[in-house]
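Reviewing the structure listed below.
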Amino acid sequence: MHHILIPTDFSGTAQSAVDYAISYFKGERCVFHFLNTYTPDFVHSRVMALAHGGNQEEDAMQVISEKGLKRLVEDLKAQHPNSGHEFHTVSSFNLLTEEVKEQLSMYPIDMIVSGTTGASGIKEVFLGSNTVRILRATSACPVLVIPKETRFKKGVKIGLVTDFGTPYSASQIEAILEFQTRLEATLEVMHIGGPEGLTGFQELHRHQLFLELERGNPQMKWRRPMASKSEVIENYLEEASIGMLIMIRNDHHLVDEWLREPVVKKVAFHTDIPMLVLPPVQP
């Protein structure tokens, strides 16, 4: 049984993530953990410490949070009767990343699904501040990022962007093939650079990747580094009509390079398609 963690603020963006996850796991027994965290508008460590003693503001926010989660579950049960899914809710006076870590320690979470408005919706903020925080805080768990108003769609093309820098684990391969199967998708592997630039280790890792993805019939695509890496990927996604982006968090990988950059930047990486970020090989 899959355990899926979905943070929500009850917005349309968060609902897109919920709807996508429900559709993706249709026909499978899953436990969906819906998480809503709340804090005062201006919060720091002392405020948090004092607030745990209880006050009217916290009580009011808790009521709103719990009502929102109850309404979400009631709506899902009405829309998806006999789905076989279980719905758990967590309402917590806590910082989002801290509570996400807490949930990961308490339950065998297989995936986090996070909605994002993307750059165009929030003045060039990279992916959305909550999604960035989750990616920074949860490097050991797959994170599926769902842009606002995205709907589950089959028959798309998956783009796996990789640097061939490290070997690929069985869990990474399994996740890629599972998404390809569920989406009834074709699969492309894209590398920024040309085959002549690969080291011996990179070529070995590329060979391993294609051997293990063989049943998915992946196609290799090379992209010359004519601009910044984020711009190269954005151009590739648009020109190749990619319907889902997959990236793997390895040391010194693109995902971590972007997360080390300022959140608000002149040229923001943004996505209007789902993006799956897989954890690195575990030591």
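- Counting heavy-atom neighbours within 6.0 Å of Gln79 CD, excluding the residue itself, gives a total above 12.
- At least one donor-acceptor pair under 3.5 Å links the side chain of Gln172 to the backbone N or O of Pro279.
- No donor-acceptor pair under 3.5 Å is formed between the side chain of Glu188 and the backbone N or O of Pro218.
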* Given Glu66 and Lys70, is the salt bridge (charged side-chain N to carboxylate O under 4.0 Å, His left out) satisfied, shown in steps? -> CA-CA 6 Å; Glu66 292 178 348; Lys70 181 180 179 181; over 6 Å; no
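- Other residues, nucleotides and ligands place no more than 12 heavy atoms under 6.0 Å from the CD atom of Glu174.
- Note: Phe32 and Phe34 have parallel aromatic rings, judged against thresholds of 30 and 60 degrees for the angle between ring planes.
- In this structure, Glu196 pairs ionically with Arg224, as a charged nitrogen and a carboxylate oxygen lie closer than 4.0 Å.
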* To do: May I have the step-by-step check of side-chain contact (heavy atoms from CB on, under 4.5 Å) for Asp19 and Phe152, ending in yes or no?
  => CA-CA 8 Å; Asp19 293 341; Phe152 180 77; over 6 Å; no
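- Under the 4.0 Å criterion applied to side-chain N and carboxylate O atoms, Glu184 and Lys153 are not assigned as salt-bridge partners.
- With hydrogens and angles ignored, the 3.5 Å screen pairs no side-chain donor or acceptor of Glu239 with any backbone N or O of Tyr236.
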* Begin with the C-alpha distance, continue with both residues' side-chain angles, and end with the deciding distance and a verdict on side-chain contact (heavy atoms from CB on, under 4.5 Å) for Arg215 and Leu177. => CA-CA 8 Å; Arg215 61 186 171 94; Leu177 291 174; 3.3 Å; yes
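- A salt bridge links Arg206 with Glu203; the closest basic N to acidic carboxylate O contact falls under 4.0 Å.
- Remark: the backbone N or O of Gly12 is not paired with any side-chain donor or acceptor of Lys148 at under 3.5 angstrom.
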* Yes or no on side-chain contact (heavy atoms from CB on, under 4.5 Å) for Val189 and Gln219, after CA distance, side-chain angles and deciding distance? -> CA-CA 6 Å; Val189 177; Gln219 303 298 307; over 6 Å; no
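- Using cut-offs of 30° and 60° on the angle between ring planes, the pair Tyr107 and His3 is parallel.
- Checked by atom type and distance alone, the side chain of His205 pairs as donor or acceptor with a backbone atom of Phe201 at under 3.5 Å.
- No donor-acceptor distance shorter than 3.5 angstrom exists from the side chain of Ser65 to the backbone of Met61, with no hydrogens or angles considered.
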* Check the pair Phe179, Tyr24 against ring pair (Phe, Tyr, Trp, His ring centres under 6.0 Å), reporting the backbone distance first and the verdict last. => CA-CA 9 Å; Phe179 265 81; Tyr24 180 82; 4.6 Å; yes
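- Although no hydrogens or angles enter the test, the distance criterion places no donor-acceptor pair under 3.5 Å between the side chain of Ser241 and the main chain of Leu237.
- Because its NZ or CZ atom is not both nearer than 6.0 Å to the ring centre of Tyr20 and within 45° of the ring axis, Arg151 does not count as a cation-pi partner of that residue.
- For Phe25 and His85, the ring centers are positioned 6.0 Å apart or more.
- Proximity of a side-chain donor or acceptor of Glu74 to a complementary backbone N or O of Arg71 within less than 3.5 Å is not detected.
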* side-chain contact (heavy atoms from CB on, under 4.5 Å) between Asn94 and Glu102, intermediate numbers included -> CA-CA 10 Å; Asn94 201 354; Glu102 181 71 15; 5.6 Å; no
